[in-house]
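Reviewing the structure listed below.
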Amino acid sequence: MSIKFEAFNAKHLNSRDIAESFVSSKLFLETAKNEHTILVGPRGSGKTTFLRMLSINTLSKWNSPERENINYDGIYVPGDLVWGEMIKSLEDVGLPANISEAFAYSAFFTHVMLSTVDSIESSLKNVPKVALENNARQVHQALSDICDILKLTPEKLSLSRVRHELVVKLNCLGEYSKKISLVGGKNFDMDEFERKVPYAFSDLKTTIESVLLAIDRALERPEHRWALLLDEFEIAPKNLLDKVISSMRSAVHKVIFKVALVPCGFHQEIKTETSAINDYSIVELWYVTKGESKEFCKNLVASKFGINEPLEKLGSTKFGSKEGLTSAVWVEEFDELYKKDESFQSFIKSKKINFLEQFHSDEAPSSLIRKISPIVAFRNAFLNKNGKRKGRRSLPEFYAGWDAITTISEGNPRWLLSVLTPLLTADSNSKVSDSLQMKKVESSTNAYAAMLKTLPLSDNMGLSTKQPIFELLEKIGKYFNSRLIDEPFTQSAKSTFTVDRAISEDIEAALMIAWNYGAIVSVRSENTFGTYDSLQGMRFRLSYLLSPTFELNLTTGASINLTTILSTGQHRDKVQLDRNNRQQDLFL
């Protein structure tokens, strides 16, 4: 998935491309508010797009009335694995934790100041030429003050020289850390450390506010606001996150902080700190129920492809809605299943349902008929005329069409674009065939599954487990599929699970990693960010992105304890193992 979807990652797009195709939403407007914000969502959910849109370089290119409501300049800072790697390499050679963390903090601090200088330069481009000329002396003095604040001594005063000096300091810091990693920590010199790690003891919030105050006073705009946009901060070491969170513990002044994180990781340890923040909001980027993301998907298609009615291009999903339940198609589905599935016959008789009469009536079918219809259609597709399970095959009637594709996407713009780009950019005005749609859906969902199979189990964003992630998801998927197809028919097919107390820490950690990558979705939980250090009591469903892979219908049904699912799976594995052993005994 990481390779297949890389072209749609906002991290690699230029600011104009992002602005021209950006689709606003309620979640974006919540993120954009003039307050500290923790933006939470799995990989690929749009966090980077949101933060890059709020950056001064991109927002200035956005032609939308909503832009007028954003009254600050955004400083975008991408996450960098180097910060954590620096700590590990220095601790490995025996350097104390506080010293190695100071190296990483200094590198992070320098990255922030580089981004700040770039954003100041962009901000100056938006200032009228006359105003710059009238305040030239003050701007020159502000640059001098900024150099003093950042301990820089450039030959000439200019933003380009300030940037150059910061780059030199960052390079020297990297060389110094590599030198220590090679020679070992026994020869560590504290005096040399203080000379070559200049920002180890600098306060981030105080420094950045001082730098920005200097330039804003020079331009006679003391009320001007800025936002520090810290992306992918789950890959940053914990000490950096602690410093950022502590910087958010204040009312909004010159700078507000917006930090993007995945749901789970070591950052869950900050829950006591986040509860102490007065002015912050939490925006969670995921859609829980079927259809929630449809409006966003439609707007994205209109913006990206110029298609206002994607339903005309992709068609409706055959069993994607409850409309048309009285059609001959539904009569055929019920009748076929009734003839070949004894458990369905028993169910119909026990409930005294005359489905032929209901479908031919002028009145709408009963609520029970409407409830079981998706299950009937799905089960019927899998059973042959003898009521036995068919072999695996594509199911475009469930996974093709506008309804299905928007549901499967989970509102994930990367996945949606990866599927729709080859379908909607073709030089044709005709409807895209279900078979071609199914081919692209399967290709993308298989790529996603392949990515999940390769997820690291050790120190994955601060989480470690011995339980392979995809293997766990597969057990859950097989259980729900079996309940749909192999078990006796029931009106309430379970398709969600609750993490009960009997679940081991290993399994729980695996679930957290799966959640971080969007493989499971929280369902109507009262928990919120800061309390995800334990998933006990929380209810989840498998992501619809995995439905074609595990052959599941696109519904959110009743819940069952995860322990029950896993114990059932273990029993089935044991039965299969015993069967295989008996077969081998025949040849001994």
Side-chain angles (χ1 to χ4, degrees), residues 287-294 311 315-390 393 395-408 434 477 479-497 523-524 539 541-542 544 547-548 550-560:
Y287 300 94
V288 174
T289 59
K290 181 180 178 181
E292 270 191 334
S293 62
K294 185 173 290 186
L311 184 62
S316 60
T317 303
K318 184 175 181 181
F319 300 113
S321 68
K322 292 183 173 64
E323 296 177 2
L325 283 176
T326 57
S327 68
V329 172
W330 284 107
V331 172
E332 183 178 356
E333 294 295 321
F334 271 71
D335 193 46
E336 281 187 6
L337 188 63
Y338 184 83
K339 290 176 180 177
K340 64 187 177 184
D341 184 353
E342 292 182 1
S343 69
F344 183 55
Q345 288 181 27
S346 299
F347 173 83
I348 292 294
K349 291 175 181 178
S350 68
K351 299 294 182 181
K352 299 179 180 179
I353 298 173
N354 187 331
F355 59 82
L356 291 175
E357 182 180 286
Q358 288 208 33
F359 282 126
H360 289 118
S361 171
D362 292 334
E363 298 180 5
S366 67
S367 59
L368 178 58
I369 287 287
R370 295 170 66 85
K371 181 179 181 180
I372 67 174
S373 291
I375 305 172
V376 169
F378 201 82
R379 189 176 176 97
N380 187 44
F382 276 88
L383 298 180
N384 62 26
K385 63 181 181 180
N386 297 316
K388 304 298 182 182
R389 180 187 279 264
K390 297 177 182 177
R393 64 187 184 90
L395 297 170
E397 62 266 44
F398 299 100
Y399 304 131
W402 175 243
D403 292 332
I405 288 177
T406 55
T407 300
I408 294 171
D434 286 355
Y479 176 86
F480 287 136
N481 175 269
S482 182
R483 288 292 296 260
L484 272 170
I485 311 303
D486 303 319
E487 302 294 325
F489 185 90
T490 175
Q491 70 184 55
S492 181
K494 291 180 170 59
S495 63
T496 62
F497 62 90
V523 179
R524 296 185 185 88
R539 180 183 167 202
R541 63 168 170 79
L542 292 177
Y544 293 136
S547 290
F550 296 145
E551 297 180 325
L552 301 173
N553 57 359
L554 304 175
T555 59
T556 301
S559 183
I560 187 171

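Distance CD/Glu336 to CG/Asp341: 12.0 Å, rounded to 0.5 Å. Here the CD atom belonging to Glu487 is positioned 11.0 Å from the NZ atom belonging to Lys494, to the nearest 0.5 angstrom. Taken from CG in Asp434 to CG in Leu395, the straight-line distance is 12.0 Å, to the nearest 0.5 Å. Atoms OG and CG, on Ser343 and Leu337 in that order, are 7.5 Å from each other to the nearest 0.5 Å. Remark: Arg389 CZ to Ser482 OG distance equals 6.5 Å, nearest 0.5 Å. Remark: Asn481 CG to Phe378 CZ distance equals 6.5 Å, nearest 0.5 Å.
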- Given side chain to side chain contact (heavy atoms under 4.5 Å, CB included), test Phe489 with Ser346 step by step and report yes or no. CA-CA 9 Å; Phe489 185 90; Ser346 299; over 6 Å; no
- Message: Walk me through whether Trp330 and Phe319 qualify under side chain to side chain contact (heavy atoms under 4.5 Å, CB included).
- Response: CA-CA 9 Å; Trp330 284 107; Phe319 300 113; 3.5 Å; yes
- Item | Stepwise side chain to side chain contact (heavy atoms under 4.5 Å, CB included) check, Lys340 with Asn380 | CA-CA 9 Å; Lys340 64 187 177 184; Asn380 187 44; 2.8 Å; yes
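Ala381 and Glu397 get closest at one heavy-atom pair: CB-OE2, 4.0 Å. Summarising the geometry of Gly387 relative to Leu383, their closest heavy-atom pair is O-CD2, 3.8 Å, with the distance given to 0.1 Å. In plain terms, the two heavy atoms of Arg379 and Leu484 that are nearest each other are NH1-O, 2.8 Å. Smallest separation of non-hydrogen atoms from Ser547 and Asn553: OG-O, 4.2 Å. In this structure, Ser559 and Phe497 approach most closely via the heavy-atom pair OG-C, 3.4 Å. Tyr399 and Ala404 get closest at one heavy-atom pair: C-CB, 3.5 Å.
Taking the side chain as every heavy atom from C-beta outward, Ile485 and Glu551 never approach each other to under 4.5 Å. The side-chain heavy atoms of Leu552 and Ser495, taken from C-beta on, include no pair separated by under 4.5 Å. By the 4.5 Å heavy-atom criterion applied to side chains, Phe480 and Ile560 are counted as neighbours.
Not a single donor-acceptor pair under 3.5 Å links the side chain of Asn386 to the backbone N or O of Lys388. The main-chain N or O of Gly557 is found under 3.5 Å from a side-chain atom of Thr496 such that the two form a donor-acceptor pair.
Here Lys339 pairs with Asp335 under the salt bridge (charged side-chain N to carboxylate O under 4.0 Å, His left out) rule; sequence neighbours left out. Here Leu368 pairs with Phe347, Lys351, Ile353, Ser366, Ile372, Gln491 under the side chain to side chain contact (heavy atoms under 4.5 Å, CB included) rule; sequence neighbours left out. Annotation: ring-ring contact (aromatic ring centres under 6.0 Å, His included) contacts of Tyr338 (sequence neighbours excluded): Phe355.
Residue Asp403 is tested with Ile408, Thr317, Leu554 for a side chain to side chain contact (heavy atoms under 4.5 Å, CB included); the sole match is Thr317.
A side-chain donor from one of Thr556 and Tyr544 sits under 3.5 Å from a side-chain acceptor of the other.
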